[in-house]
**Student:** 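First, the structure itself, so that you have it in front of you.
None of the values given here were measured: they were computed from a predicted structure.
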Amino acid sequence: MSKSSSSVSSSVGAGPGPKTWSIRFLVALLLIVAGIGWIAWYYTFVRPDPTAFPPVEGKPKAIADLGLWNYAIGFGAFMVGLALSAHPSTPFGRGRGVVIGMLGCFLAGLLWICTFYVFSDDLSALWVLNDLGQWNLVVGIAFMAVGFTFATRWE
C-alpha cells in the first residue's frame with residue numbers, strides 16, 4: 001500500500017522547520033547595530049577634537065565625559081550581540097553559520113591586532129584605533145573570545 005499524500009508531504013519536510021527570525025536573533029542584530037552606531041556616533045559627533053587648540057569639549061557633555069567608556073559600551077554591545085547570535089535558535093548558531101561566525105571573529109580579531117601592530121608608530125590616520133591605544137589588543141582578543149563561543153557550537 002502506498003502512503004497517503006498528507007503523510008508523504010509531512011515526511012518530506014514541508015513543516016515549519018527552524019525559524020530564521022527568532023527573538024534572540026533580532027536582539028542580537030539590534031545589539032550589533034547599536035554597538036556600531038554608538039561607536040560611530042561618539043567618534044564623529046561627541047568626541048572632543050584632540051587637534052583643536054584650545055581644546056573643545058564634546059557635546060552632549062554627559063556622554064563626552066565618559067571618554068573611553070564609550071568604546072567599552074559600543075564594543076561591549078557589539079560583542080554581546082555576536083555572542084548571542086551563536087545560539088542554535090539563530091542562523092549563525094547552526095550549520096555553516098557557526099563556521100562563518102567562528103572564522104569571521106577569529107580573522108577580525110587577528111586583523112585588528114595586526115593592524116594595530118603594523119601602524120602603532122602613527123595611528124593618527126586610523127579611526128577608532130587612534131583613540132584606543134593599547135586597548136586595541138583587548139578589542140582584538142574580544143573578537144577572538146567571541147569566536148570561541150561560536151567554536152563551542154561547531155559540530
**Student:** I need the minimum non-hydrogen distance between T90 and S22, along with the two atoms involved.
**Tutor:** CG2-OG, 4.1 Å
**Student:** Restricting to pairs with a member in residues 20-39, which pass salt bridge (Lys or Arg N to Asp or Glu O under 4.0 Å), not counting sequence neighbours?
**Tutor:** none
**Student:** Could you tabulate the donor-acceptor pairs under 3.5 Å formed by side-chain atoms of residues 102-109, not counting sequence neighbours?
**Tutor:**
none

**Student:** Hey, any chance F148 and I100 share a hydrophobic cluster, counting ILVMFWY side chains that come within less than 4.5 Å of each other, even indirectly?
**Tutor:** no
**Student:** Quick one: do V138 and L111 end up in the same hydrophobic cluster if we chain Ile, Leu, Val, Met, Phe, Trp and Tyr together by side-chain heavy atoms under 4.5 Å apart?
**Tutor:**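 They do not share one cluster, since no chain of ILVMFWY contacts under 4.5 Å joins V138 to L111.
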**Student:** Only counting residues at least two apart or in another chain, list the ones meeting side chain to side chain donor-acceptor pair (under 3.5 Å) with S124.
**Tutor:** D122
**Student:** Output every pair passing side-chain hydrogen bond (donor to acceptor under 3.5 Å, both in side chains) with a member in residues 71-83, not counting sequence neighbours, ordered by first then second residue.
**Tutor:**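 Every side-chain hydrogen bond (donor to acceptor under 3.5 Å, both in side chains) pair that includes a residue of residues 71-83, provided the two are not neighbours, is Y71-D131.
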**Student:** Run the side chain to side chain contact (heavy atoms under 4.5 Å, CB included) test on V139 and I113 for me, step by step, so that the C-alpha distance in whole Å, both residues' side-chain angles and the decisive distance to 0.1 Å come before the verdict.
**Tutor:** CA-CA 8 Å; V139 173; I113 292 172; over 6 Å; no
**Student:** Could you see if V118 belongs to whatever hydrophobic cluster contains I141? Use Ile, Leu, Val, Met, Phe, Trp, Tyr and a side-chain cutoff under 4.5 Å.
**Tutor:** yes
**Student:** Which pairs of donor and acceptor atoms, one on a side chain in residues 53-62, lie under 3.5 Å apart (sequence neighbours left out)?
**Tutor:**
residue, atom, partner, partner atom, Å
K61, NZ, D65, OD1, 3.2
K61, NZ, D65, OD2, 3.2

**Student:** The criterion is side chain to side chain contact (heavy atoms under 4.5 Å, CB included); which residues satisfy it with S120, sequence neighbours excluded?
**Tutor:** F116
**Student:** Are F75 and V128 close enough that some pair of their side-chain heavy atoms sits under 4.5 Å apart?
**Tutor:**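 The answer is yes, as the side chains (C-beta and beyond) meet within the 4.5 Å cut-off.
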**Student:** For residues 109-119, pull every pair meeting side-chain hydrogen bond (donor to acceptor under 3.5 Å, both in side chains), keeping only residues two or more places apart or in separate chains.
**Tutor:**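 Applying side-chain hydrogen bond (donor to acceptor under 3.5 Å, both in side chains) to every pair that reaches into residues 109-119, excluding sequence neighbours, yields W112-N136.
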**Student:** Taking the side chain as every heavy atom from C-beta outward, state whether L66 and I73 have any pair of such atoms under 4.5 Å apart.
**Tutor:**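 In short, these two side chains touch, coming nearer than 4.5 Å.
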**Student:** Of all residues at least two apart in sequence or in a different chain, which pass the side chain to side chain contact (heavy atoms under 4.5 Å, CB included) check with W127?
**Tutor:**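 Y43.
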**Student:** Can you confirm whether or not the ring centre of F143 sits under 6.0 Å from the ring centre of F78?
**Tutor:**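 Yes, ring centres under 6.0 Å apart.
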**Student:** With clusters defined by side-chain heavy atoms of hydrophobic residues (ILVMFWY) lying less than 4.5 Å apart, directly or transitively, does W69 cluster with M79?
**Tutor:**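 They do share one cluster, since a chain of ILVMFWY contacts under 4.5 Å joins M79 to W69.
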**Student:** With a 3.5 Å cut-off and sequence neighbours excluded, list the donor-acceptor pairs that the side chains of residues 25-39 form with protein atoms.
**Tutor:**
residue, atom, partner, partner atom, Å
W38, NE1, N70, O, 3.3
W38, NE1, N70, OD1, 3.2

**Student:** Report the C-alpha distance between Y42 and L68 in whole Å, list the side-chain angles of each, state the deciding distance to 0.1 Å, and finish with yes or no for side chain to side chain contact (heavy atoms under 4.5 Å, CB included).
**Tutor:** CA-CA 10 Å; Y42 172 73; L68 290 178; over 6 Å; no
**Student:** Holding to ring-ring contact (aromatic ring centres under 6.0 Å, His included), I want the full list of residues that pass it with F150, two or more places apart in sequence or in another chain.
**Tutor:** none
